[in-house]
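Given the structure is predicted, the values throughout are model-derived calculations rather than measurements. Residue numbers begin at 1 in each chain, while the letters A, B, ... track the order of the sequences.
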2 protein chains.
Amino acid sequence: MTIKEVCEKYDITADTLRYYERVGVIPAVTRTAGGIRDYQETDIAWVENAICFRDAGMPVEMLIEYVKLFQEGDSTIDARANLLKEAREAIVEARKKYDIALEKLDYKIGRYEIAQKTGVLTWDDQEEE
Amino acid sequence: MTIKEVCEKYDITADTLRYYERVGVIPAVTRTAGGIRDYQETDIAWVENAICFRDAGMPVEMLIEYVKLFQEGDSTIDARANLLKEAREAIVEARKKYDIALEKLDYKIGRYEIAQKTGVLTWDDQEEE
DNA sequence: TGTTGACTTAGAGTCAACTCCAAGTTGTAT
DNA sequence: ATACAACTTGGAGTTGACTCTAAGTCAACA
């Protein structure tokens, strides 16, 4: 699979794919004899994981560390498991904050909808607006 | 409430609080006669909302727009409601990605835990590792 | 075989969101 | 009254994550 096909498949730029490889967010991608990237199943799986974890706010630095440990072999299994658990906790925490914001937003949106129907904005005493 | 107290209450730096005010993420804060910030209930409510929405990934730009509309008065109620609905959708979408990442992480962590018990890392055919 | 378009690299540039700095002011404790 | 910490401002600097540029190489087609 060419870099262009991978871009289209995951809606990501070629620059980002090359950047991920360059800094080590994914391991070195398979190349043709001419040196052009030719993504194999394995390469694509790494790309998919990278995008998935980045979308969940996992820092590039952490993904690099994971790939580094992975390449060091089985002796790093504990370290990798710990890293993933740490990442998991961060995501769970972030998700909680998303939920709190959603509650707040829903409350405010509800208020605005009442205002739009009645023409009057009413706020209770715990609101700034 | 002094800036320091607000910092401690919300675990945020004074620089960030001043930055939020400067760019308009929150409206101008109440000052003492000497010009020192003295956060009132209303100011604190704005700070709390700003932190909450930023924590959910809402861009600073969007918060600035909301404050701007708010200050323009009741004629912007529709615009504000639309802005909040847009923000809501973005957060819902981001949350979905967090859930997908969590599933993937749980699967991987599970594999590592088996590996730690048995000493053997086993991956199925859909895994890169 | 030439040309056109997609690919390559190293390195510089951009953007959002802070974060720090310098120089000056305020307010509290001796 | 005098330190001295904590505050103020405007503006510069940093960080993380891309994103772009220049100069060159590869590959498919006329």
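Look at CG on A/Asp55: it is 13 Å from C1' on D/dA17, rounded to the nearest Å. A/Tyr39 places its OH atom 11 Å from the C1' atom of C/dC7, with the value rounded to the nearest Å. Distance, A/Ile12 CD1 to D/dA17 P: 13 Å, rounded to whole Å. Atom CD1 in A/Ile26 sits about 12 Å away from atom P in D/dC18, given to the nearest Å. Whole-Å rounding puts the A/Leu17 CG to C/dT9 P distance at 12 Å. Computed from coordinates, the A/Lys4 NZ to C/dA6 C1' distance equals 8 Å when rounded to whole Å. As a whole-Å value, the separation of A/Ile64 CD1 from D/dA17 C1' is 10 Å.
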For residues 11-18 of chain A, which side-chain N or O atoms pair as donor and acceptor with protein atoms under 3.5 Å away, sequence neighbours left out?
residue	atom	partner	partner atom	Å
A/Thr13	OG1	A/Thr16	N	3.0
A/Thr13	OG1	A/Thr16	OG1	2.8

Are any protein N/O atoms closer than 3.5 Å to N/O atoms in nucleotides 17-25 of chain C? If there are, list each pair with its distance.
residue	atom	partner	partner atom	Å
C/dA17	OP1	B/Val60	N	3.4
C/dA17	OP2	B/Val60	N	3.4
C/dC18	OP2	B/Tyr20	OH	2.9
C/dC18	OP2	B/Arg54	NE	2.8
C/dC18	OP2	B/Arg54	NH2	3.3
C/dC20	N4	B/Asp15	OD1	3.4

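Of the residues in residues 86-94 of chain A, none lies under 4.0 Å from DNA chain D by heavy-atom distance.
Of the possible polar contacts, none joining the B/Glu8 side chain to the B/Glu5 backbone as a donor-acceptor pair under 3.5 Å is found.
For the atom pair CD1 (B/Ile77) and CD (A/Gln116), the distance works out to 7.5 Å, reported to the nearest 0.5 Å. Atom-to-atom distance recorded for A/Phe53:CZ and B/Lys108:NZ is 5.5 Å, nearest 0.5 angstrom. The NZ atom of B/Lys104 sits 4.5 Å away from atom CD of A/Glu48, with the distance rounded to the nearest 0.5 Å.
Here the options are A/Val29, A/Val6, A/Thr32, the test is side chain to side chain contact (heavy atoms under 4.5 Å, CB included), and the partner is A/Arg37; only A/Val29 passes.
Ring orientation note: the planes of B/Tyr98 and A/Tyr98 are tilted relative to one another, at an angle of 30° to 60°.
Phosphate proximity of D/dT9 to B/Arg31: present, with a side-chain N or O under 4.0 Å from OP1 or OP2.
Comparing B/Ile3 and A/Thr32 along DNA chain D, the residue whose closest nucleotide (by nearest heavy atom) sits nearer the 5' end is B/Ile3.
A salt bridge is defined here as a Lys NZ or Arg NE, NH1 or NH2 lying under 4.0 Å from an Asp or Glu carboxylate O, and A/Lys85 with B/Glu113 meets this definition. A salt bridge does not link A/Asp99 to A/Arg95: none of the charged side-chain nitrogens sits closer than 4.0 Å to a carboxylate oxygen.
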